[in-house]
Number of protein chains: 2
Amino acid sequence: MQPDQLSLTLSAIADPTRRAILMRLMDGEASVKELAAPFEMSIPAICKHLRVLEGAGLISRGRSAQFRPCRLEAQPLREAVGWIEEFSKFWDTSLNRLDGLLERLQSADATARKN
Amino acid sequence: MQPDQLSLTLSAIADPTRRAILMRLMDGEASVKELAAPFEMSIPAICKHLRVLEGAGLISRGRSAQFRPCRLEAQPLREAVGWIEEFSKFWDTSLNRLDGLLERLQSADATARKN
DNA sequence: TTCATTCCTAACCGATCGGTTATCTAACTT
DNA sequence: AAGTTAGATAACCGATCGGTTAGGAATGAA
């Protein structure tokens with residue numbers, strides 16, 4: 001089963017190394033070697049991370065001599081932020097406080113039944 | 001290495017089954033069996049997903065007779081949405097358009113050099 | 001007491017993940 | 001032409017993931 005775009009995006013940014021790479025790319029394009037520099041990790045390992053990011057559409061790559069510079073493509077993150085915000089909304093709505101109330105009533109009820 | 005909270009949260013919601021469970025919990029508490037019902041998946045599989053969600057702090061669990069109802073805890077998602085929004089911002093800023101300009105200049109330059 | 005229901009745990013399985021080393025290609029440099 | 005640099009690929013490794021089946025514990029019901 002090929003995963004949906006949202007799952008691709010989220011699992012791509014679930015890794016701290018890949019998030020650090022993305023943050024680095026906010027300062028502008030960078031070569032693979034430049035991206036690898038801050039990490040105690042081999043170049044092939046970074047290449048793999050870049051492939052994951054590229055597969056999720058979070059970066060794109062150019063060509064300039066023997067360099068293949070990476071640049072940020074933030075578009076897929078918009079879908080992700082959209083999904084997550086559904087739940088942030090939930091957290092802030094009165095629905096949440098209502099749920100809290102219901103829950104407290106239920107647990108009080110359960111306690112009453114138990115004793 | 002134990003992963004940071006943000007990585008925990010993101011990898012928890014990177015799975016479509018777990019996202020569906022969270023969405024179901026927006027309608028209120030539910031038992032494990034209720035949560036499992038929509039899926040063609042064994043109960044233990046759902047239990048594992050619930051453990052992941054609980055480990056990420058995205059759900060909490062009560063006790064009521066032989067049931068262990070789950071309820072949504074959306075708080076960790078706030079950190080996640082905060083991180084992702086950094087990049088949504090990036091996408092909308094003039095910095096992005098500036099990058100696009102620089103890139104176009106560079107690729108024009110590369111093309112010129114190539115010919 | 002016995003049975004049913006709910007849920008968890010353990011053991012296992014194949015696939016994927018995140019890293020390594022070794023090797024290769026492509027392009028620049030001398 | 002020979003050497004260097006940037007990067008990709010392949011093969012491998014241990015750990016984790018996402019699922020399974022089997023079996024056990026806790027609670028409620030007959």
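For the numbers below, each heavy atom of this structure counts, side chains included, while hydrogens, waters and symmetry mates do not. Protein chains get the first letters and strands the later ones, always in sequence-line order, with residue 1 at the start of each.
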Q. Is any side-chain N or O of B:Arg63 closer than 4.0 Å to OP1 or OP2 of C:dC7?
A.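 No, because none of the side-chain N or O atoms of B:Arg63 sits under 4.0 Å from OP1 or OP2 of C:dC7.
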Please step through side-chain contact (heavy atoms from CB on, under 4.5 Å) for the pair A:Leu58 and A:Leu72, ending with a clear verdict. CA-CA 6 Å; A:Leu58 288 165; A:Leu72 194 54; 5.6 Å; no
What's the closest nucleotide to the [X] side chain, out of [options]?
X	options	result
A:Cys47	C:dT21, D:dA8, C:dC8	D:dA8
B:Ser31	D:dT5, C:dC7, D:dG7	C:dC7
A:Arg18	C:dG18, D:dT20, D:dG18	C:dG18
B:Lys33	C:dT6, D:dG7, C:dA10	C:dT6
A:Arg51	D:dA8, C:dG18, D:dT9	D:dT9

Provide, to the nearest angstrom, the distance between the [atom1] atom belonging to [X] and the [atom2] atom belonging to [N].
X	N	atom1	atom2	value
B:Glu54	C:dC8	CD	C1'	12 Å
A:Glu34	D:dT5	CD	P	16 Å
B:Leu8	D:dT16	CG	P	13 Å
A:Glu40	C:dT20	CD	C1'	15 Å
B:Gln66	C:dA4	CD	C1'	9 Å
A:Phe67	D:dA8	CZ	C1'	15 Å
A:Asp15	D:dC17	CG	C1'	15 Å
A:Ile43	C:dT20	CD1	C1'	14 Å

| Which part of the nucleic acid, if any, lies within contact of B:Ala65, taking any heavy atom under 4.0 Å across all strands shown: a base, the sugar-phosphate backbone alone, or nothing? |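 Sugar-phosphate contact only - B:Ala65 comes under 4.0 Å of backbone atoms but never of a base.
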Strictly distance-based, threshold 3.5 Å: is any side-chain N or O of [X] a donor or acceptor partner for the main-chain N or O of [Y]?
X	Y	result
B:Ser7	A:Ala14	yes
B:Arg19	B:Ile13	yes
A:Glu79	A:Pro76	no

| request: Would you mind reporting whether B:Asp4 and B:Leu8 have side-chain heavy atoms less than 4.5 Å apart? | output: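 A side-chain contact under 4.5 Å is absent here.
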Exercise for review: Could you say whether A:Ala45 or A:Arg68 is positioned toward the 5' end of DNA chain C, judged by the nucleotide with the nearest heavy atom to each?
Suggested key: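 Its nearest nucleotide being more 5', the pick is A:Ala45.
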